[in-house]
Amino acid sequence: MSHNYATPLTPEKRLARVLARIPADWTLGLDRQPSATGTGQWRARLGRPGQDAPEWTMPHDTMVDALEAAWRQARTALNAG
């Protein structure tokens with residue numbers, strides 16, 4: 001009988017994973033805006049060298065969620081172009 005000993009990714013591990021994927025020469029923008037709940041909402045954007053500033057992601061509750069969304073957005077643009 002097999003057992004699953006996998007542990008869920010912590011926010012710190014998720015952040016390290018997404019930051020490790022972003023090339024060193026890309027620009028990274030983070031923005032935190034106030035929200036109705038007072039906790040703030042995060043937006044992010046990633047830019048490749050020599051390209052116009054990309055669009056911000058939609059607001060997210062956590063910084064790592066915003067970074068992951070920006071990474072998905074950048075990868076989609078990279079694969080499309």
Side-chain angles (χ1 to χ4, degrees):
M1 184 184 314
S2 65
H3 297 281
N4 184 0
Y5 292 106
T7 58
L9 286 176
T10 63
E12 293 82 8
K13 287 181 182 178
R14 285 177 61 204
L15 180 60
R17 181 184 68 188
V18 74
L19 288 175
R21 291 179 177 172
I22 300 170
D25 59 344
W26 286 27
T27 60
L28 167 62
L30 285 173
D31 182 44
R32 187 172 185 190
Q33 298 181 328
S35 66
T37 61
T39 58
Q41 295 270 298
W42 291 92
R43 299 184 310 161
R45 63 183 178 180
L46 293 172
R48 293 182 291 169
Q51 299 221 340
D52 292 334
E55 295 294 320
W56 288 99
T57 62
M58 296 297 295
H60 293 273
D61 289 332
T62 65
M63 181 178 59
V64 70
D65 287 339
L67 280 171
E68 285 179 336
W71 175 243
R72 284 190 301 273
Q73 183 176 308
R75 270 195 350 231
T76 302
L78 185 62
N79 292 335

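Quick caveat, the model's predicted, so the values are computed rather than measured.
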Ignoring hydrogens and angles, tell me if any N or O in the side chain of Gln73 forms a donor-acceptor pair with the backbone of Glu55 under 3.5 Å. yes
Straight-line distance of Met63 CE to Trp42 CH2, nearest 0.5 Å: 5.5 Å
Under the salt bridge (Lys or Arg N to Asp or Glu O under 4.0 Å) rule, what pairs show up with a residue in residues 6-21, not counting sequence neighbours? Arg14-Asp65, Arg14-Glu68, Arg17-Glu68
Consider only side-chain heavy atoms of I, L, V, M, F, W and Y, link residues closer than 4.5 Å, and tell whether Val64 and Leu9 are in one cluster. no
ring-ring contact (aromatic ring centres under 6.0 Å, His included) partners of Trp71, counting only residues at least two apart: Trp26
Minimum-distance pair of heavy atoms, taken over all atoms of Ala44 and Ala66: CB-O, 3.6 Å
Nearest-0.5 Å distance that lies between atom CG in Leu30 and atom CH2 in Trp56: 7.0 Å
Do the side chains of Thr57 and Leu67 get nearer than 4.5 Å, heavy atoms only? no
Rounded to the nearest 0.5 angstrom, the CG-CD1 distance for Leu28 and Ile22 is 5.5 Å
With sequence neighbours left out, the residues meeting salt bridge (Lys or Arg N to Asp or Glu O under 4.0 Å) with Arg45 are none
Rounding to 0.5 Å, atoms CD (Gln51) and OG1 (Thr27) come to a distance of 10.0 Å
